[in-house]
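Report on the following structure.
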Amino acid sequence: METNPARPGYHHGDLRAALVLAALEMLEAGEPFSLRALARRAGVSTAAPYRHFADREELESALAVHGLRELLSDLTSGGPAPTSAADVGELAVGYVRFALRRPALFRLMFGQACDDQDDARVRAAGALHDHLEAVMAGVFPASDPAVLATAGWSLAHGLAFLHLDGKLSRADPAAVDARVRAAFAAVLPPVTPPAVPPSAPPVVRPVPPPGIEGP
């Protein structure tokens, strides 16, 4: 059986995580990978990856889960919860930035048919949609948050691929951000502040004539 010296930084017990990270490196570098090539990259025996992934499809699904979780982490870190339409636009900016920073991973995350038998992948995708729906519910309480979440995700996703595929220029990152913000500002409904009930008029008691006591 072929073996390889352990890769620096690898520790017994976290082989699955090490394999996913090694596969991610290969994916983003544009290197074609197989489980055998991955074993060489990770510095483990050629049989070791098969203890965690039955085939390349399972490995790619694990990469998709990793990417979905990383994307959600990017969208939920670095500030308070969105409270305005402009804040929602900034979420979209973060989404597109992720796609342009991780192009190969982003394509893999969304380039495969949905597999509702893959619990980890279903949960990861569901967590992302649930976050978007919660944001829409908080910012646009008078609208249908599920519909807005789907619409917002679709717009951000479309903008990401238009830039990835060269239909929109990605040469200037600041221009990309501005384009995404403008697109969301053009389609999001205005945020209506909650109605303030009118204050009741002050009660004016009649002043009794002199010599007559009031009640």
Side-chain angles (χ1 to χ4, degrees), residues 20-21 23-33 57 59-79 81-116 118 120-140 143-189:
V20 169
L21 292 178
L24 181 59
E25 291 173 0
M26 297 175 73
L27 179 70
E28 293 292 4
E31 301 175 20
F33 63 86
E57 184 177 343
L59 172 60
E60 289 183 346
S61 187
L63 285 172
V65 171
H66 177 92
L68 287 164
R69 289 172 176 167
E70 184 179 334
L71 174 57
L72 180 59
S73 176
D74 279 9
L75 298 181
T76 54
S77 62
T83 59
S84 67
D87 291 343
V88 176
E90 290 306 311
L91 275 184
V93 167
Y95 189 95
V96 175
R97 284 178 180 173
F98 177 90
L100 298 183
R101 187 176 74 251
R102 296 280 212 183
L105 177 60
F106 190 80
R107 290 184 187 278
L108 184 146
M109 287 159 56
F110 297 105
Q112 298 175 326
C114 294
D115 180 6
D116 58 8
D118 186 335
R121 193 166 182 176
V122 169
R123 287 195 301 271
L128 179 58
H129 187 273
D130 288 348
H131 173 66
L132 297 176
E133 189 169 330
V135 166
M136 294 303 189
V139 176
F140 305 103
S143 301
D144 185 327
V147 171
L148 271 185
T150 299
W153 192 352
S154 301
L155 178 55
H157 197 73
L159 286 165
F161 270 103
L162 286 171
H163 287 93
L164 281 176
D165 293 338
K167 304 303 186 293
L168 294 173
S169 173
R170 54 187 285 190
D172 182 355
V176 174
D177 291 353
R179 187 178 295 123
V180 174
R181 292 185 185 107
F184 269 76
V187 301
L188 285 178

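Scope of the values below: all heavy atoms of this structure, side chains included, with no hydrogens, waters or symmetry mates.
The two residues L75 and H131 have their closest heavy-atom pair at O-NE2, 4.1 Å. When all heavy atoms of L164 and A99 are compared, the closest pair comes out as CD2-O, 3.6 Å. Across every non-hydrogen atom of S73 and S77, the tightest pair is O-OG, 2.9 Å. Contact record, L105 with L63: CD1-O, 3.5 Å, taken as the closest heavy-atom pair. Counting all heavy atoms, side chain and backbone alike, P32 lies closest to M26 at O-CE, 4.0 Å. Among all heavy-atom pairs drawn from R69 and A120, the shortest one is NH2-CB, 4.5 Å.
The backbone N or O of E57 lies less than 3.5 Å from no partner atom in the side chain of S61, so there is not a single donor-acceptor pair. Under the 3.5 Å distance criterion, the side-chain polar atoms of S154 are matched with a main-chain donor or acceptor of T150.
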V139 and D87: side chain to side chain contact (heavy atoms under 4.5 Å, CB included), yes or no, with the steps? CA-CA 9 Å; V139 176; D87 291 343; 5.8 Å; no
What do the steps show when you test L188 against F140 for side chain to side chain contact (heavy atoms under 4.5 Å, CB included), and what is the final call? CA-CA 9 Å; L188 285 178; F140 305 103; 4.2 Å; yes
Go through it in stages, so that I can follow the logic: the residues are D74 and R97, the test is salt bridge (charged side-chain N to carboxylate O under 4.0 Å, His left out), and I'd like the CA-CA distance, side-chain angles, deciding distance and then a yes or no. CA-CA 10 Å; D74 279 9; R97 284 178 180 173; over 6 Å; no
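The pair D165-R107 meets the salt-bridge criterion, with a side-chain N (NZ, NE, NH1 or NH2) lying under 4.0 Å from an Asp/Glu carboxylate O.
You'll find the ring centres of F161 and F106 inside the 6.0 Å limit.
Distance CG/D177 to CZ/R179: 10.0 Å, rounded to 0.5 Å. Put simply, CZ on R102 and CG on L24 are 4.5 Å apart, with the number rounded to the nearest 0.5 Å. Remark: M136 CE to D144 CG distance equals 11.0 Å, nearest 0.5 Å. Rounding to the nearest 0.5 Å places CG of L68 at 5.5 Å from CZ of F110. Between atom CG of residue L162 and atom OG of residue S169 there is a gap of 12.5 Å, rounded to the nearest 0.5 Å. In this structure, CG in L128 is found 15.0 Å from CZ in R123, a value given to the nearest 0.5 Å.
Between F184 and the options V93, L159, L91, a side-chain contact (heavy atoms from CB on, under 4.5 Å) holds for only L159.
Contact check for R181 versus E90: side-chain heavy atoms found under the 4.5 Å cut-off.
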